Amino acid sequence: MAEATATGTTSEEWQPKIVMFCCNWCSYGGADSAGMGRFQQPPTVRVIRVMCSGRMDPVFILNAFLEGADGVIFSGCHIGDCHYVNGNYKATIKYKFLKAMVNELGLEDERLKLDWISASEGERYANVVTEFTEQIKKVGPSPLKPEGVV
Amino acid sequence: MENEEPRIGVFVCECGVNIGGYLDTQAVADYALTLPNVVHTKVNKFTCADSGQAEIQAGIKEHNLNRVVVASCTPRTHEPTFRACCKEAGVNPYQFEFVNIRDQCSWIHMWDWEGATAKAKDLVRMGVARSRLLEPLDESSVPVDQNVLVIGAGVAGMQAAIDFGDMGYNVYLVEKGPSIGGRMARFDKVFPTNDCSICILGPKMVEVARNKNINIMSYSEVTDVDGFVGNFEVTVLHKPRYLDTDICTGCGACQEVCPVELPSEFNENFGIRKAIYIPFPQAVPMRAVLDKDNCIGCKACEKACEAGAIRYDQEPIYEKLKVGVITVAVGMDAFDPLPHNNYGYGLYDNVITTMEFERLLNAAGPTGGHVVRPSDAVEPITVGFINCVGSRDVNENIYCSGGVCCMFSIKNAQLLKEKRPETNHYIFYMDIRSTMRGFEEAYNRARDLGVKFIRGKPVEITEKENGNIVVRVEDTLKGEIVNVELDLLVLGTGLVPNEGISEMGSILKLPRSADGFLTELHPKLAPVDTTTDGVFVAGCAAGPRDIAYATAHGSATAGRATRLLSVGSAPIMGITARIDEDKCVVCGVCVDKCPYGVFEIVGTNGDRRINVVEALCKGCGTCVTACPTGALEQSHFKNDQVLAQVRNVFQYGGE
């Protein structure tokens, strides 16, 4: 199946694979809005929906890196707009912890990103994806990626 | 159920060409069939259509499916549809999994067939992996309190309150201002039929007051909303009017004697009001209100009040209400051209806004219906109107205010022309948007009356010594620059979100769109629903609207909300937190983390345990992440279910 995947050999340039966790109410809606507005972006991101950024378990993110993610974004509602009062605030606390863990794993800081994207910010969503993809391309493939994984 | 071997059916939607035109749906379906436990796949032209749903149900029967995966648009709009379809065919709705390959794939990689197809395969693989672990869940329901809260008593909120009241439900109608009526009470006449605004609104205001099921809470604000669908706990602040509203008769004797004169907000700061005043002649409730910030404490009003209603020591009162459903109709503001001095507003006396013009035109207004210009109180002969002020402007707001300001200018020019035929009128416009019924006819009527339309956006406004205003504009139809000298210039200001909307959004957990207005659940198919169950939105709170549109939406919220009220119960999602008491050590971390008070520690010493009130759980899952022992799990978003997706983003190249 290697040739059929986005990270495969069909395009000349190396394409990273990014796991993105989106909260149901804002960021997943933002991703949909990007679609509705047809804001084009590289096909590097695989979105996983959780109800709230507060559900973001560090285990999910560390697992993503161990499985081979070149980068991970997690995203929720803007601070003050959380559908569940303040889950996004709790996510920031985990982000600080995760930033430290990412370094411990021997990964570069730039591979983990936290961003707030509202359901109406389709264009911004596309920009975040595009810019993060560029950033990861500069850093290169994750050194943690198990051999043979695409 | 756990022993049952998963038998998964994967249905890939082409969505016409929305998906099928940008990635290889057949290849995605073929790939899905190679995945473990997938026993059936099918590509549908439109999976959500009757035929597509029939194909899902046929698949379930023929292949004895116990799980269904649909790869199509987005769960935000179509998950309920497919869940219902599965339920009908005997598959638990929670063993249905949605894979988003349109909004988040085909539409955003329109020119990358290979990339989009590969991504769709990855997404399907992730969905199938999750589907394998999904457990059947029961949906429960909660009782719905039979009281209703309507926030905002403009025309939309009033209509909602009347409809709720007429259907027999008890309504709390909370209005920030001292009278109900909203913006419409300030208009002179309303387009396209040019009937007198207060003549049609006044009876409706009285109807609200007379309705036995409506409790008007004027001069009050909603400060907090707690709870969930069917069971909201609302805190309302009753601001002190500094008089006993049960005794006050609204005679107005107090305002006669009050020595403090202030600009009248109702008259757009033309004319004056007193520190104690009746909001306007048709106010409901017809009660005075004392503006304590500007009161000098002379007590003249107390002496003048024969009823003895004045209470200088009144305090704010907070009241708690229990309601089942909420309509939000907090309305809009007119765009304020003052901060940027758009078109010389604030710099030149004879540049005014549409709302100011409206009050000048009104027979009950500060000038008795004589339109005069502010610099010298002379009745103008030549009047200009600029449309799209603060709208369709990259420096202010990019959106169009829905044709409201176009029609405003057309109506106002017409009314003044009819009143004083010797006047001349120019309307400077970019496009005339006369989209609704009767609007085009009103536009033609204005042309027939001699109102001149100049297509162009004015570039320069100057003031002459006599106070006249000169508008420099390119008439883009003629292709020439013209300078038009006017006695009075009126700015057709657009509609902007109400200043309190951000706070209201936070209180009710409602998202706002890029334009600042509240976001509906779906712009087309759920235009008055919101992302918060049991909360509905009407009128200009959700975007620029005219009166007919706002009224219809007010009624619509009553209709949508009554579905819950009349049944008396509301379904709640099965994605709540569950506790494994064998693993729980009663550390209490979840108690602090939960914003809804789902968890409480009960019992003492050796008997201590966590009690979970499932009805309060909204399913965010924050507690699960916080739980140090793994005793908590969120149904439908269990750790292993999410991790299955994470792991299946990737695969070994040789697989």
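Atoms considered below: every heavy atom in the structure, side chains included; atoms not considered: hydrogens, waters and symmetry mates. Only a predicted model underlies this, so the values are computations on that prediction, with no experimental measurement involved. A note on names: the letters A, B, ... follow the listed sequences, proteins ahead of strands, and every chain is numbered from 1.
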* Using a strict 4.0 Å threshold on nitrogen-to-oxygen distance, state whether A:E121 and B:R512 make a salt bridge. => no
* Going through the checks in order, is the side chain to side chain contact (heavy atoms under 4.5 Å, CB included) test met by B:N100 and A:R49? -> CA-CA 10 Å; B:N100 186 327; A:R49 180 169 69 124; over 6 Å; no
* Structure fact -> For A:H83 and B:T532, the nearest pair of non-hydrogen atoms, with its separation, is CE1-OG1, 4.0 Å
* Is it the backbone or the side chain of B:D24 that comes under 4.5 Å from a heavy atom of chain A, or both, or neither? -> neither
* To do: Side-chain contact test, heavy atoms from C-beta onward, threshold under 4.5 Å: evaluate it for B:F650 versus A:P146 and give yes or no.
  => no
* Structure fact -> When the 4.5 angstrom heavy-atom criterion is applied to B:D515 and chain A, the contacting part is neither
* **Full working for side chain to side chain contact (heavy atoms under 4.5 Å, CB included) between A:Y28 and B:Q104** => CA-CA 9 Å; A:Y28 195 87; B:Q104 296 181 16; 3.3 Å; yes
* Go through the atoms of B:L510 and report whether side chain, backbone, both or neither lie under 4.5 Å from a heavy atom of chain A. => neither
* To do: Measure distances from B:F98 to the heavy atoms of chain A and classify the residue's part below 4.5 Å as side chain, backbone, both or neither.
  => neither
* Asked: Looking at side-chain heavy atoms only, is the closest gap between A:M36 and B:D103 below 4.5 Å?
  -> yes
* **pair B:N639-A:V59: side-chain heavy atoms closer than 4.5 Å** => no
* Structure fact -> So, the part of A:N63 with a heavy atom under 4.5 Å from chain B: the answer is both
* Do other residues, nucleotides or ligands put more than 12 heavy atoms under 6.0 Å from A:E110 CD? -> yes
* Could you tell me which non-hydrogen atom of B:T625 sits nearest to which non-hydrogen atom of A:P58, and how far apart they are? => CG2-CD, 4.0 Å
* Asked: Is a donor on one side and an acceptor on the other found under 3.5 Å between the side chain of A:Q40 and the backbone of B:M110?
  -> yes
* To do: To the nearest 0.5 angstrom, please state how far the CD atom of B:Q634 sits from the CG atom of A:D57.
  => 11.5 Å
* Test item: A:V50 and B:Q645 side chains (from C-beta on) under 4.5 Å apart, heavy atoms -> no
* Which bit of A:A119 is near chain B, if near means a heavy-atom gap under 4.5 Å: side chain, backbone, both or neither? -> side chain
* Asked: Are side-chain N/O atoms of B:N648 and A:R46 paired as donor and acceptor at under 3.5 Å?
  -> no
* Close side-chain approach of B:C623 to A:R55, heavy-atom, < 4.5 Å -> no
* **side chain to side chain donor-acceptor pair (under 3.5 Å) evaluation trace for A:D32 with B:T74** => CA-CA 7 Å; A:D32 282 351; B:T74 166; 2.5 Å; yes
* Asked: Passes side chain to side chain contact (heavy atoms under 4.5 Å, CB included), B:Y596 versus A:Y84? Steps please.
  -> CA-CA 9 Å; B:Y596 304 108; A:Y84 300 106; 3.5 Å; yes
* Asked: Taking atom CD1 of B:I398 as the centre, does the number of heavy atoms from other residues, nucleotides or ligands within less than 6.0 Å exceed 12?
  -> no
* Asked: Looking at A:C82, A:S33, A:A91, A:A69, which makes the most heavy-atom pairs under 4.5 Å with chain B?
  -> A:A69
* Structural part of B:T519 lying under 4.5 Å from a heavy atom of chain A -> neither
* For A:F39, is it the side chain, the backbone, both, or neither that has a heavy atom closer than 4.5 Å to a heavy atom of chain B? -> backbone
* Could you look at A:P42 and say if it's the side chain, the backbone, both or neither that has a heavy atom under 4.5 Å from chain B? => backbone
* To do: May I ask you to test the B:V642-A:I48 pair for a side-chain heavy-atom distance under 4.5 Å?
  => yes
* Largest heavy-atom contact set with chain A, pairs under 4.5 Å, which of B:T622, B:I108, B:I575, B:D112 -> B:I108
* Asked: At what distance, to the nearest 0.5 angstrom, does NZ of B:K618 lie from CE of A:M51?
  -> 11.0 Å
* Asked: How far apart are the C-alpha atoms of A:K17 and B:V649, what are their side-chain angles, what is the distance that settles it, and do they pass the side chain to side chain contact (heavy atoms under 4.5 Å, CB included) test?
  -> CA-CA 8 Å; A:K17 213 165 196 183; B:V649 171; 4.2 Å; yes
* To do: Counting only heavy atoms closer than 4.5 Å, note whether A:V47 contacts chain B via side chain, backbone, both or neither.
  => both
